[in-house]
Amino acid sequence: QVQLVESGGGLVPPGGSLRLSCAASESIFTINEMAWYRQAPGKQRELVAHITSGDSTNYADSVKGRFTISRDNAKNTVYLQMNSLKPEDTAVYYCNALKIRATGSMAYWGKGTLVTVSS
């Protein structure tokens, strides 16, 4: 079982920056992919960014050039650096881990951290 704990959310003015952290309970060498999702009020949860065990990354069009996902295997942690924040970035951000094995895949979720972008 993988436990995920997010931190780093808060209130930030437009144009500001935040760095979110997601600490995993086991080595992320064992996890095929880690990702950040977000869900704004009244909207569906959407994929923001993901990173593979080989450090390849992908981003939603809405955050390209502003957000950066990275991982620190020694600390079992994945980060989301968010720059040039906009009010529409306001959402609960969730960490996700995906394990893929021959017997099937398993997904794990953190409880979320709230990011509010407002002046």
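Only a predicted model underlies this, so the values are computations on that prediction, with no experimental measurement involved. Nothing fancy with the numbering, it's 1 onward along the sequence.
- Nearest heavy atom pair, residue Lys99 against residue Val2, reads CE-CG2, 3.7 Å.
- At least one donor-acceptor pair closer than 3.5 Å links the side chain of Glu6 to the backbone N or O of Lys111.
- Tyr59 contributes atom OH, which lies 10.5 Å from atom NZ of Lys64 (distance to the nearest 0.5 angstrom).
- For the atom pair CD1 of Ile31 and OH of Tyr108, the computed distance is 8.5 Å after rounding to the nearest 0.5 Å.
- Residues Asn32 and Arg101 meet the side-chain proximity criterion, which asks for heavy atoms closer than 4.5 Å.
- Interatomic distance, CG of Leu4 versus OG of Ser25, reported as 7.0 Å (0.5 Å rounding).
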### Task
I would like to know whether Arg66 and Gln81 meet side chain to side chain contact (heavy atoms under 4.5 Å, CB included); could you show each step before the answer?
CA-CA 8 Å; Arg66 300 189 297 121; Gln81 178 66 46; over 6 Å; no

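- Taking both residues in full, the closest heavy atoms of Val78 and Met34 are given as CG1-CE, 3.7 Å, listed atom of the first, atom of the second, then distance.
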| request: Check the pair Asn96 / His50 against side chain to side chain contact (heavy atoms under 4.5 Å, CB included), numbers first and verdict last. | output: CA-CA 9 Å; Asn96 171 262; His50 72 262; over 6 Å; no

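- To the nearest 0.5 angstrom, Ser119 atom OG is 9.5 Å from Leu11 atom CG.
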Test side chain to side chain contact (heavy atoms under 4.5 Å, CB included) on Tyr37 and Val48; report intermediate values, then the result. CA-CA 5 Å; Tyr37 287 74; Val48 176; 5.5 Å; no

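- Linking ILVMFWY side-chain heavy atoms closer than 4.5 Å, directly or via other members, places Val115 and Leu47 in two distinct hydrophobic clusters.
- Inspection of the Thr77 and Asp72 side chains reveals no N or O donor paired with an N or O acceptor under 3.5 Å.
- Within 6.0 Å of CD on Gln3 lie no more than 12 heavy atoms contributed by other residues, nucleotides or ligands.
- Atom OG1 of Thr57 is separated from atom CD of Glu33 by 11.0 Å, given to the nearest 0.5 angstrom.
- A heavy-atom distance below 4.5 Å is found between the side chains of Pro87 and Pro14.
- Pairing each heavy atom of Tyr94 with each of Gly110, the nearest pair is CD2-O, 3.7 Å.
- Here Tyr79 pairs with nothing under the ring-ring contact (aromatic ring centres under 6.0 Å, His included) rule; sequence neighbours left out.
- Listed for the Arg45 side chain is no donor-acceptor partner under 3.5 Å among the backbone atoms of Ala40.
- Separation of atoms OG (Ser7) and CZ (Arg19) is listed at 8.5 Å; rounding is to 0.5 Å.
- Trp36 and Ile51 fall within the same hydrophobic cluster, where Ile, Leu, Val, Met, Phe, Trp and Tyr residues are linked whenever their side-chain heavy atoms come under 4.5 Å apart, directly or through other members.
- Side chain to side chain, Arg38 and Tyr93 meet the donor-acceptor criterion of an N or O pair below 3.5 Å.
- A pairwise comparison of heavy atoms in Ser17 and Ser84 identifies OG-N, 4.3 Å as the closest pair.
- The two residues Val92 and Gly112 have their closest heavy-atom pair at CG1-CA, 3.9 Å.
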After noting the C-alpha distance and the side-chain angles of Leu98 and Ser105, does the key distance pass the side chain to side chain contact (heavy atoms under 4.5 Å, CB included) rule? CA-CA 7 Å; Leu98 178 66; Ser105 62; 4.2 Å; yes

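- With respect to the salt-bridge test (charged N to carboxylate O, under 4.0 angstrom), the residues Lys86 and Asp89 do not qualify.
- A distance-only check finds no donor-acceptor pair linking the side chain of Thr90 to the backbone of Thr116 [under 3.5 Å].
- In terms of heavy atoms, Ile69 sits closest to Ala35 at CD1-CA, 4.4 Å.
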